[in-house]
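Notes follow once the structure below has been shown.
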2 protein chains.
Amino acid sequence: MASRTRAEALSRERIVEAAVALLDADGERGLTFRTLTERLATGPGAIYWHVANKGELLAAATDSVIAGALTTEAVGSSPEDEIRAVALGLFEAIERHPWLSPQLALQLSRSPWGSVTPRIFESVGQRVSALGVPQDTWFTATSALVHYIFGAAAQNAANSRVLGSGVDRAEFLRAAANAWEELDPGEYPFLRSIAGEARDHDDREQFLAGVDLILAGIAVAGPGGSTRP
Amino acid sequence: MASRTRAEALSRERIVEAAVALLDADGERGLTFRTLTERLATGPGAIYWHVANKGELLAAATDSVIAGALTTEAVGSSPEDEIRAVALGLFEAIERHPWLSPQLALQLSRSPWGSVTPRIFESVGQRVSALGVPQDTWFTATSALVHYIFGAAAQNAANSRVLGSGVDRAEFLRAAANAWEELDPGEYPFLRSIAGEARDHDDREQFLAGVDLILAGIAVAGPGGSTRP
DNA sequence: ACCTGAACACCGTTCAAGT
DNA sequence: ACCTGAACACCGTTCAAGT
C-alpha cells in the first residue's frame, strides 16, 4: 500500500476519470468501489467524501463522456447536416463506450431533468429550431430525434459488443438473419421478410437513414401542423 | 414457516408472476431473492431450479408484461391507426409498470435478439409493411417508431413516478418549466424557449404527436427513397 | 425431479478515528 | 478539510443434503 505512489490529491474529476476507464475496460460490472479504491490507492471513505453514492458516480461518468461527444461538433453548412453530425457523434460515443446506453436510459427514466438529457436535448433542439418549422413542433421533433438516436445506438452497441469478442461480422449477421428466417412464419412474418436485407447493411448508413426519415417527417409535419385527421 | 400454506407447486410462471408483483410494488429494488423466497414460501435453491439467474428472471418478467400489452390490440381501420394503438398500448404498459423502461433498454442493449425486442418489432413492423411504402424502408421506419416509443415512454414514466408520490401535476410542470427557464440563457437557449409550452401539455397527446411525425416521415421518405442529397 | 437452507463471495455504504 | 480502513447490512448464487 505504501509502495503505491499516490499521483496527486484525490478529486471528483480524478475519480470520474478512473470510473470511465474501468467502465470502458470491463463494462458496468467492472466498476465497483473495490476496483476503484485499488486503482486510486485509497479507501472507500475518501471516494464518498467527493461523491455521494455510486449512482451519482455513474451519472457523472455518463455526463463527462457525453459532454465530450457534444463539443466535437463539426460545423455543417445546413441545420440538417449539423443534426446528422451531432447524431453521428453520439452514435460513435455509444459505440466506443457501450456502457453508455443502459446508463443513458437509466438517466432518462430516473431523472430526465438531470444534466445529461438536457445537454443532448439542447444540442439537438438548437438545430431543430433552425430548421424553419413552427415552434410548436420543436419539442416533438427534438424528442423523436433524441429517442431514436439513443435507441438505435444502443442496439448497434449491443451488436458491436458481440462482434468485439472475436466474432466475424459477416458470419454474425448471417447467423442473426438465419435465426430470424427460422422463426415461426405464422407468428413472425415481418422479421422473416426483412431478414434478407439485414444480412448486408452498413450500420452507420442504416442509422443515418433513420435520422433522415425523422427529418423528412419534421419538414412535412411542420408547416401544416398535425397530419392526423 | 410450516404455518404458511403453500398454494401449489412452484413453477416458472408462478415465479415470474410474483416477480412482476414485487416490481410493481417497489420497483427494481423491490425484487430480491430474499423478498421472492418469502413471498413464495421457499428457499433460493427452489427458484434457481426454474430460473437460471436474476437477469433471466427480469427478462421473463419484462417479456410477460409486454406480451400482454401487445395482445390487447384494438383492430383499427387503417395501418396508421393500428400503429397508434400499438404505440399507445406500449406507452400505457410502461406507465403502469415504470420498471419496464430501464429493463427494455437493458434488453435492447444486451441482447436485441432476445424475445422482447423481436416481439415489439414484429408487431409494429407488420403494420409498417401494410402502409404501402417500399420494402427497403420497412426496417428503418420500424426502428424509428420502436425507439421513439421506448424513449418517450421512459421519459413519461419518470415524470409520472414523481407525480405518483403525492406531487401535484400542475405544480410539478410549473417547477420543471421554471427550472428550465432559469438555465443559463447563453448555454441553454433552446430549453428556455420551449419551457413555456412544456408547462401545459397532455402527455398522451404529446406522445402521439411524435408517432405522427414519424409516420409523416415514412410516408414522404417512402416513395422517393432517401431525402438526403 | 424438485426442493431445503446454510454457507460463500461480493457488494455499497457508514463512521469513528486519524491528519 | 480531507482521508483511513475496519465493520455492517445486504445481495446473488452455490451445493450438499433431503424427499
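So you know, we letter chains A, B, ... as the sequences are listed, proteins then strands, and number each from 1. Keep in mind that what you see is a predicted model, and the values were worked out from it rather than measured.
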Is B:Arg204 paired with B:Glu92 through a side-chain N to carboxylate O contact shorter than 4.0 Å?
-> yes
Nucleotide-resolved protein contact map, nucleotides 7-19 of chain D, B/S/- at heavy-atom distance under 4.0 Å | ----BBBBB----
For DNA chain D, list all stems, counting runs of three or more consecutive pairs where every pair is Watson-Crick or G-U wobble with both distances under 3.5 Å.
-> C:4-8 with D:12-16, C:12-16 with D:4-8
Hey, is B:Glu56 close enough to B:Arg12 for a salt bridge, meaning N to O under 4.0 Å?
-> yes
Do the rings of A:Tyr48 and A:Phe33 sit parallel, tilted or perpendicular, given the 30° and 60° boundaries?
-> parallel
side-chain hydrogen bond (donor to acceptor under 3.5 Å, both in side chains) partners for B:Arg110, two or more places apart = none
Return yes if a side-chain donor-acceptor contact under 3.5 Å exists between A:His147 and B:Gln155, otherwise no.
-> yes
Side chain A:Ser123, main chain A:Ile120, donor-acceptor under 3.5 Å = no
How many angstroms lie between CG in B:Leu10 and NE2 in B:His50, if you round to the nearest 0.5 Å?
-> 4.5 Å
Think B:His50 has a side-chain N or O under 4.0 angstrom from the OP1 or OP2 of C:dA1?
-> no
May I have the distance from A:Trp49 (atom CH2) to D:dA1 (atom C1'), rounded to whole angstrom?
-> 6 Å
Does the separation of the ring centres of B:Tyr148 and A:Tyr148 fall below 6.0 angstrom?
-> no
